[in-house]
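Structure record follows, encoded as C-alpha cells.
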Amino acid sequence: MKNFGTKDLCKCLENLGFTFDKHQTSNHHYKYNVPKGHIVPKGLRPFMMVQIGQKAFRPHSCSRYITEIKQLGFTKEEIDKSL
C-alpha cells in the first residue's frame with residue numbers, strides 16, 4: 001500500500017467528488033462531505049474527517065482512511081486512481 005500524507009488524501013477525496021466544508025474545520029482536522037447524490041450506507045457518517053499537517057500518515061492510519069472511503073461506497077480501483 002502506498003504511504004500518503006494530508007495533501008495526498010485531500011486531493012484524493014476531491015478527485016472522488018468530496019467537497020471541503022470550510023465551516024466545519026478545526027486546528028487539527030478538515031471535514032469533507034461526500035459527493036452530492038452519492039448514497040451513503042445506513043449507519044455511516046456522510047463525511048470524513050482528515051487530520052491535517054501530516055507529511056506521511058502511519059501505515060495503520062493510511063489503511064484506516066482507505067477502509068473508511070471504501071465503506072462509503074467507493075472501489076479500491078477508484079481510490080488507487082485518485083491517489
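All values below were derived from every heavy atom in this structure, side-chain atoms included, with hydrogens, water molecules and symmetry-related copies excluded. Since this is a predicted model, take the numbers as computed values, not measurements. One is the number of the first residue; the rest follow in order along the sequence.
In this structure D80 satisfies the side-chain hydrogen bond (donor to acceptor under 3.5 Å, both in side chains) test together with K76, sequence neighbours excluded. In this view, E14 satisfies the salt bridge (Lys or Arg N to Asp or Glu O under 4.0 Å) rule with no residue, not counting sequence neighbours. By the salt bridge (Lys or Arg N to Asp or Glu O under 4.0 Å) test, R64 is found to be paired with no residue, residues two or more places apart in sequence or in another chain being considered. For Y30, there are no side-chain hydrogen bond (donor to acceptor under 3.5 Å, both in side chains) partners at least two apart in sequence or on another chain. In this view, Q71 satisfies the side-chain hydrogen bond (donor to acceptor under 3.5 Å, both in side chains) rule with no residue, not counting sequence neighbours. In this structure Q51 satisfies the side-chain hydrogen bond (donor to acceptor under 3.5 Å, both in side chains) test with no other residue, sequence neighbours excluded.
Two residues are said to be in side-chain contact when any heavy atoms from C-beta on lie closer than 4.5 Å; R45 and E68 meet this criterion. Inter-residue side-chain proximity for D21 and F47 is flagged as unmet; no heavy-atom pair is nearer than 4.5 Å.
In terms of heavy atoms, F57 sits closest to L9 at CE1-CD2, 4.1 Å. Closest of all the heavy-atom pairs between M48 and L72 is CG-CD1, 3.8 Å. In plain terms, the two heavy atoms of L16 and E78 that are nearest each other are CD2-O, 3.9 Å. Pairing each heavy atom of A56 with each of N3, the nearest pair is CB-ND2, 3.7 Å. The two residues F18 and Y32 have their closest heavy-atom pair at CD2-O, 4.0 Å.
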(request) Let me see the working for L13 and F74 under side chain to side chain contact (heavy atoms under 4.5 Å, CB included), right down to the final yes or no. (result) CA-CA 11 Å; L13 293 175; F74 294 91; over 6 Å; no
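At distances below 3.5 Å, not a single donor-acceptor pair connects side-chain atoms of S63 with backbone N or O atoms of P59.
Note that the OG1 atom of T19 and the NZ atom of K36 stand 6.0 Å from one another [nearest 0.5 Å]. Here I52 contributes atom CD1 and H28 contributes atom NE2; the two are 7.5 Å apart, rounded to the nearest 0.5 Å.
Both V50 and I79 belong to a common hydrophobic cluster when Ile, Leu, Val, Met, Phe, Trp and Tyr are linked at side-chain heavy-atom distances under 4.5 angstrom.
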